[in-house]
Number of protein chains: 2
Amino acid sequence: MARPKIHEDDLLDRLTEVFQAHGYEGASLSRLSKATGLERASLYHRFPGGKEEMARVVLDRAAGWLVRHVLAPLREPGRPEERVARMAGLLGEYYLQGRRSCLLDTLSLGGEDSPFQSRVREAMATWVEAMASISSEAGLPREEARRRAEDALVQIQGGLVVARGTGSREAFLRVLDDLPRLLAGTDG
Amino acid sequence: MARPKIHEDDLLDRLTEVFQAHGYEGASLSRLSKATGLERASLYHRFPGGKEEMARVVLDRAAGWLVRHVLAPLREPGRPEERVARMAGLLGEYYLQGRRSCLLDTLSLGGEDSPFQSRVREAMATWVEAMASISSEAGLPREEARRRAEDALVQIQGGLVVARGTGSREAFLRVLDDLPRLLAGTDG
DNA sequence: GTCTATAGCTTGATAGAC
DNA sequence: GTCTATCAAGCTATAGAC
């Protein structure tokens, strides 16, 4: 732990990118090694649990990011609409305006047998609840707030899939722009 | 070609399911063999190009389905809203109400180097154009019709991702129910 | 903490019997 | 047209030097 923290963070960033781009099965140790500059054995030294542990750590880290940047705005000052806009801006940065995929998408392949299913489920639930809270605080009835939060997650995820599939990030950016209205607006 | 056509169709159905559930890299020949009941070598007899050809055929077949069930309603009788509802119903069946993932999602991992990138892009473009046409026919200005069609694709794909991730298909079904209003409504 | 070397298994793919 | 047997290459993972 005498190592500079930036080192560890950089490493996790690189690993994250590979899992985002290729999913779990596509993230071979060769790719992970190449992306990090560390040999396979060095990766095993840091992650004795191997590839599965890497994905777990990377996913938990992303979930932590989510809590810090999506849940946090709840306790910050400002109108709900402004806070949602801030969240949208941070999401845009995180996903590089749609150039990166979401781990909750790429690590959820394989269905029931996936070792990450429960983690993905929890992360999505947390995300939805946080957005539902903002929406509720904005004055919307509980049920509608929750519905809108689910729709928001649907649109974010769909925007990323469409961006990856078409190469055009336009629709994803429109989703982000529209988030304040969707979650906190009274006309939508 | 003396074989009953049902055989070939069944085979392609099974292959499709594996690619939907596991993506390209996760669809190992073991899984494809197990799912079809054919040994590896038999699969190679039918698909000399191997796994990549299997995915290509499966993807082209899905694109064909799309043309027949999404483009076709354009030329059928009925109000645009009704025809969109019919498309939504067919999509619900195709994706088993959200229990199945979309090939355009699962085969688009890997980014630029993916051998299916152009196919996925074309399929998504076709899909959007078809929906934009219905929307335009419903009386919406060209630009808005196209925007709504893109949003529709975003919501369909997002609904499937969220269904896979959360295990709850509620949000996806809501997307389908809402499609007629989104594409042909004057209030959304 | 990183490396080289290697083990053992699974992968995608082929040859040839039936 | 399907199979068994087999191949080389890639995979995940480990051992041990430095």
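Since the model is a prediction, treat every value here as computed from it, not as a measurement. Chain naming here is simple, since letters A, B, ... match the order of the sequence lines and numbering starts at 1 in each.
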For the pair made of [atom1] in [X] and [atom2] in [N], what is the distance, rounded to whole Å?
| X | N | atom1 | atom2 | result |
| --- | --- | --- | --- | --- |
| B/D10 | D/dG1 | CG | P | 17 Å |
| B/R46 | D/dT2 | CZ | C1' | 9 Å |
| B/F47 | C/dG12 | CZ | P | 15 Å |
| B/K34 | C/dG12 | NZ | P | 15 Å |
| B/L43 | C/dT14 | CG | P | 13 Å |
| B/L32 | C/dA13 | CG | C1' | 13 Å |
| A/H45 | D/dG16 | NE2 | P | 16 Å |

Do you see a donor-acceptor pair shorter than 3.5 Å between the side chains of [X] and [Y]?
| X | Y | answer |
| --- | --- | --- |
| A/R121 | B/T166 | no |
| A/T36 | A/R14 | no |
| A/R148 | A/S135 | no |
| A/S136 | A/R142 | no |

According to a strict under-4.0 Å criterion, is B/S42 in side-chain N/O contact with OP1 or OP2 of D/dG1?
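B/S42 to D/dG1 OP1/OP2: no side-chain N or O under 4.0 Å.
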Could you write out each protein N or O paired with an N or O of nucleotides 11-14 of chain D at a distance under 3.5 Å?
unit_1	atom_1	unit_2	atom_2	d
D/dC11	OP1	A/S28	OG	3.3
D/dC11	OP2	A/S30	OG	2.6
D/dT12	OP1	A/K51	NZ	3.0
D/dT12	OP2	A/L29	N	2.6
D/dA13	OP2	A/Y44	OH	2.5
D/dA13	OP2	A/K51	N	3.2
D/dA13	O5'	A/Y44	OH	3.0

Return the set of residues passing side chain to side chain donor-acceptor pair (under 3.5 Å) with A/S30 (not counting sequence neighbours), or none when no residue passes.
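Partners of A/S30 by the side chain to side chain donor-acceptor pair (under 3.5 Å) criterion, ordered by chain and then number, come out as A/R40.
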If you check every side-chain atom of A/L38, which of C/dT2, D/dT4, D/dT2 has the closest atom?
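Of C/dT2, D/dT4, D/dT2, C/dT2 is nearest to the side chain of A/L38.
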In terms of side-chain geometry, is the basic nitrogen of A/E39 or A/K34 positioned less than 4.0 Å from the acidic oxygen of its partner?
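Result for this pair is no, no salt bridge flagged.
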